[in-house]
Amino acid sequence: MSNYFRVAGYKPDDDFCFIIDSNGMFEKKWQLSALLVSKGLKILNITTEEDMLDVNIEKVEHDTEHIFLRASKFGKPENIDYKLNDKIYKALQVGDKIYIPNKNN
């Protein structure tokens with residue numbers, strides 16, 4: 001199993017949202033979640049590489065020391081319908097960046 005995680009989150013106090021990727025820094029999803037929550041961030045979705053589909057966000061290389069900010073904007077992320085290969089998925093959009101957190105939905 002991969003330890004590539006993607007998180008969509010929100011910071012209510014400052015009204016901004018984000019998408020971050022971690023590839024190798026954490027062994028379990030809860031470890032990354034705990035770090036983000038301890039910083040006052042709200043986790044909206046956390047997914048593994050196996051469960052998500054990228055639309056226009058390239059994956060990051062393996063890195064055991066960094067978390068990568070992929071997108072951010074003021075306000076909350078948008079939940080959108082996205083058509084890919086003749087199938088409509090539930091996707092998350094932050095700014096111009098889009099991904100499908102659960103390819104099985």
Side-chain angles (χ1 to χ4, degrees):
M1 183 171 170
S2 168
N3 57 357
Y4 193 112
F5 304 118
R6 179 165 290 158
V7 177
Y10 180 66
K11 178 98 164 71
D13 296 344
D14 298 316
D15 190 31
F16 74 87
C17 63
F18 59 89
I19 297 172
I20 61 168
D21 283 358
S22 171
N23 186 7
M25 187 170 176
F26 301 95
E27 190 174 321
K28 305 282 184 187
K29 286 195 277 190
W30 70 264
Q31 295 167 316
L32 175 55
S33 295
L35 173 68
L36 297 173
V37 169
S38 76
K39 304 296 182 189
L41 303 170
K42 182 177 177 183
I43 306 299
L44 302 176
N45 181 282
I46 185 166
T47 190
T48 63
E49 181 177 31
E50 293 83 13
D51 293 332
M52 72 180 171
L53 289 174
D54 289 309
V55 173
N56 64 351
I57 305 173
E58 293 182 25
K59 291 186 177 78
V60 297
E61 297 294 321
H62 187 264
D63 187 318
T64 59
E65 297 180 18
H66 300 97
I67 297 171
F68 296 88
L69 179 64
R70 309 317 308 274
S72 65
K73 75 167 195 154
F74 288 106
K76 293 182 179 179
E78 298 175 56
N79 293 299
I80 64 169
D81 290 335
Y82 190 85
K83 187 174 182 178
L84 182 67
N85 300 327
D86 294 324
K87 184 174 179 183
I88 296 178
Y89 293 93
K90 298 294 180 191
L92 279 171
Q93 181 171 1
V94 172
D96 65 345
K97 299 298 183 183
I98 301 169
Y99 79 101
I100 298 162
N102 187 343
K103 64 184 177 187
N104 297 315
N105 275 349

Does one hydrophobic cluster hold both [X] and [Y], with members joined at side-chain heavy-atom distances below 4.5 Å?
X     : Y     : answer
Leu35 : Ile43 : yes
Ile57 : Leu84 : no
Leu32 : Val37 : yes
Phe16 : Ile67 : yes
Tyr10 : Leu41 : no

Which pair of heavy atoms, one from [X] and one from [Y], lies closest together, and at what distance?
X      : Y     : answer
Ser22  : Met25 : OG-CB, 3.6 Å
Pro12  : Gly40 : CD-O, 4.2 Å
Lys97  : Ile19 : O-CD1, 4.3 Å
Phe5   : Phe26 : CE1-O, 3.5 Å
Lys76  : Asp15 : N-OD1, 4.4 Å
Pro101 : Ala91 : CD-CA, 4.2 Å

Next item on the list: Test Lys59 against every option in Asp54, Asn23, Asp21 by the side chain to side chain donor-acceptor pair (under 3.5 Å) rule and name the one that passes.
Entry: Asp54
Check: Between Phe68 and Ile20, is a side-chain contact (heavy atoms from CB on, under 4.5 Å) present by the stated rule, with each step listed?
Finding: CA-CA 5 Å; Phe68 296 88; Ile20 61 168; over 6 Å; no
Margin query: Could you check whether Tyr99 and Asn56, counting side-chain N and O atoms only, form a donor-acceptor pair closer than 3.5 Å?
Written below: no
Next item on the list: Run the numbers on Met52 and Ile100 for side-chain contact (heavy atoms from CB on, under 4.5 Å), then give the verdict.
Entry: CA-CA 5 Å; Met52 72 180 171; Ile100 298 162; over 6 Å; no
For [Y], does its backbone N or O pair with a side-chain atom of [X] as donor and acceptor, under 3.5 Å?
X      : Y      : value
Asn102 : Asn104 : yes
Arg70  : Phe18  : no
Gln31  : Ser33  : no

Margin query: List the residues meeting salt bridge (Lys or Arg N to Asp or Glu O under 4.0 Å) with Asp86, not counting sequence neighbours, and say none if there are none.
Written below: none
Next item on the list: Begin from the C-alpha positions of Leu92 and Ile98 and carry the test side-chain contact (heavy atoms from CB on, under 4.5 Å) through to its verdict.
Entry: CA-CA 6 Å; Leu92 279 171; Ile98 301 169; over 6 Å; no
Notebook entry, point to check: Ion pair present between Lys103 and Asp51, side-chain N to carboxylate O less than 4.0 angstrom?
Noted result: no
Next item on the list: Take atom NZ of Lys39 as the centre, draw a 6.0 Å sphere, and report whether it contains more than 12 heavy atoms from other residues, nucleotides or ligands.
Entry: no
Check: Say you draw a straight line from NZ of Lys42 to CG of Leu36; how long is it, rounded to the nearest 0.5 Å?
Finding: 14.0 Å
Next item on the list: Hey, could you give me the NZ/CD distance between Lys73 and Glu78, rounded to the nearest 0.5 Å?
Entry: 4.5 Å
Margin query: Does any part of the side chain of Tyr4, heavy atoms only, come nearer than 4.5 Å to the side chain of Val60, both counted from C-beta?
Written below: yes
